[in-house]
Number of protein chains: 2
Amino acid sequence: MPPRTRRSDALSRDRIVEAAVELLDTAGEAGLTFRTLTERLATGAGAIYWHVANKGELLDAATDGVIAAALAAGSPGSPREEIRAVALGLFDAIERHPWLGTQLALQLARTPWGSVTARIFEGIGRQVRALGVPAGHLFTTTSALVSYIFGAAGQNAANTAGVPAGADRAEFLDAVSTAWEELDPDEYPFTRAVAAEVRGHDDREQFLAGLDLVLAGITAVHLSRAK
Amino acid sequence: MPPRTRRSDALSRDRIVEAAVELLDTAGEAGLTFRTLTERLATGAGAIYWHVANKGELLDAATDGVIAAALAAGSPGSPREEIRAVALGLFDAIERHPWLGTQLALQLARTPWGSVTARIFEGIGRQVRALGVPAGHLFTTTSALVSYIFGAAGQNAANTAGVPAGADRAEFLDAVSTAWEELDPDEYPFTRAVAAEVRGHDDREQFLAGLDLVLAGITAVHLSRAK
DNA sequence: ACCTGAACACCGTTCAAGT
DNA sequence: ACCTGAACACCGTTCAAGT
């Protein structure tokens, strides 16, 4: 009897990465092991190591592929619109693939200027220049924007990943809000006071509002005599 | 013959966490295992599990302790100064304990509103309110600021952790700058153009410049009729 | 050149047994 | 109540052997 899952054609790096992404999407980070991967691909561990150096490289490739696809959709528009598009592309990709949040952080820690960072930095930076930020401030300004985007997208990944699969979003926010209202008034007066604002908020809108805040800062500091 | 390292007194959760931080500082994230930890504490694995539920909880406790200590120094000052102090507290802690970058990201992914986030959110939020940001915008504004701080501090943790221990900082920046200058002109025109700005920059100054950018945005959007 | 799969070293965790 | 340490299940990785 032939194996239930038969390889239709030869193994390749791309097929391995693709299978890895599928496993990550369906079973989470803990669901991707060399055992599950070899089973899914109906092969042996050594076969995978022939195409990929180690698990870290496999995860990097998976992260890279998903991010590259998310940023590929280049819509023409004003610099502000382009920046929003790049940021939202990352935001949405993390929402679709919750493991991206952790993985991006780990990859950033391992190779700070890897291809993912470079891609986003370049994409954002071009638009920062198009905005009219003067030459000596391009690096710092772009870095600040990218930092916000990574921080906010990561924070959000945490939020969405933390919610149990079946739970309703509104229910979850309600629970957080209630929990905040019950914090110690001496230690957490601010968080308590702000608890109500959590209840109805939309993550995506909040992400964009924060982005607008940073853009407003860039305008105020670097483009004050513009137009 | 008695063991080289003898326990001077009873084990405790605090002693275990303290030893874990020491191992993380000296040997990195890979250096902390239950084997090295039991050896250092001259005990058995079961003893540690009596005080700590699992490795995740141990890492959370280590992260929490270091962050709490870093934020404890409360210097009185204007809201802006306080915000800078909190942000720099986190920034410096990550620089002193490079494993914090990864660990914060992982903890954020596991328990988004854990004590670390809550601590920073509360600390920043109070000052945002003191700045005069109107009630309905406190949550979103504080979130944006915290996102930038986490993103930038994390990004920086990556940068400093990536540098080999002995290497000179200036040398490293020089290498990055040179690498950027050699990127493909078609794919990375912006990054190439900005390579020179990398060479002399100071991470701490850049972190603060970005923070000022966000603060300027908050002023422009929410405090425009202030004073 | 590409793949197989048993074997290895190492990890977090458990648990019967001690004090 | 607190600790010991052998044992267990599982993981990433290697490598002699096959085609």
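Atom set for the values below is all heavy atoms of this structure, side chains included, hydrogens, waters and symmetry mates excluded.
Separation of the C1' atoms belonging to D/dA17 and C/dC2 is 13 Å when rounded to the nearest angstrom.
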Quiz: residues 62-72 of chain A side-chain donor-acceptor pairs under 3.5 angstrom, not counting sequence neighbours:
residue, atom, partner, partner atom, Å
A/Thr63, OG1, A/Leu59, O, 2.8
A/Asp64, OD1, A/Ser115, OG, 2.5
A/Asp64, OD2, A/Ser115, OG, 2.8
A/Asp64, OD2, A/Arg119, NH2, 3.0

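Taking a pair as Watson-Crick or G-U wobble with both distances under 3.5 Å, DNA chain D forms stems of 3 or more consecutive pairs at C:4-8 with D:12-16, C:12-16 with D:4-8.
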Contact list (N/O, under 3.5 angstrom) for nucleotides 10-17 of chain D vs protein:
residue, atom, partner, partner atom, Å
D/dC11, N4, A/Arg35, NH2, 3.2
D/dG12, OP1, A/Lys55, NZ, 2.4
D/dG12, OP2, A/Phe34, N, 3.0
D/dG12, N7, A/Arg35, NH1, 3.3
D/dG12, O6, A/Arg35, NH2, 3.2
D/dT13, OP2, A/Tyr49, OH, 2.7
D/dT13, OP2, A/Lys55, N, 2.9
D/dT13, O5', A/Tyr49, OH, 2.9

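Residue pairs meeting the salt bridge (Lys or Arg N to Asp or Glu O under 4.0 Å) criterion with at least one partner in residues 84-102 of chain A, sequence neighbours excluded, are A/Arg84-A/Asp212, A/Asp92-A/Arg204. Under the salt bridge (Lys or Arg N to Asp or Glu O under 4.0 Å) criterion, the residue pairs touching residues 181-193 of chain B are B/Glu181-B/Arg199, with sequence neighbours excluded.
Side-chain contact between B/Leu108 and B/Thr117: present, with at least one pair of heavy atoms (C-beta onward) separated by less than 4.5 Å.
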Evaluate side chain to side chain contact (heavy atoms under 4.5 Å, CB included) for A/Gln155 paired with B/Val146, printing each intermediate quantity in order. CA-CA 9 Å; A/Gln155 193 97 321; B/Val146 170; 4.0 Å; yes
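A donor-acceptor pair under 3.5 Å is absent between the side-chain atoms of B/Thr102 and the main chain of B/Trp99, judged by distance alone.
Residues forming a side chain to side chain contact (heavy atoms under 4.5 Å, CB included) with A/Ala19 (at least two apart in sequence, or on another chain): A/Leu37, A/Arg40, A/Leu41.
Considering only side-chain N and O atoms, B/His51 lies under 4.0 angstrom from the phosphate OP1 or OP2 of D/dC3. Note on A/Trp50: a side-chain N or O is less than 4.0 Å away from OP1 or OP2 of C/dC2.
When rounded to the nearest whole Å, the span between CG of B/Leu11 and C1' of C/dT19 equals 16 Å. Taking atom CG of residue B/Leu37 and atom C1' of nucleotide D/dG5, one finds them 15 Å apart after rounding to whole Å.
Aromatic pair B/Tyr188/A/Phe121: ring centres not closer than 6.0 Å.
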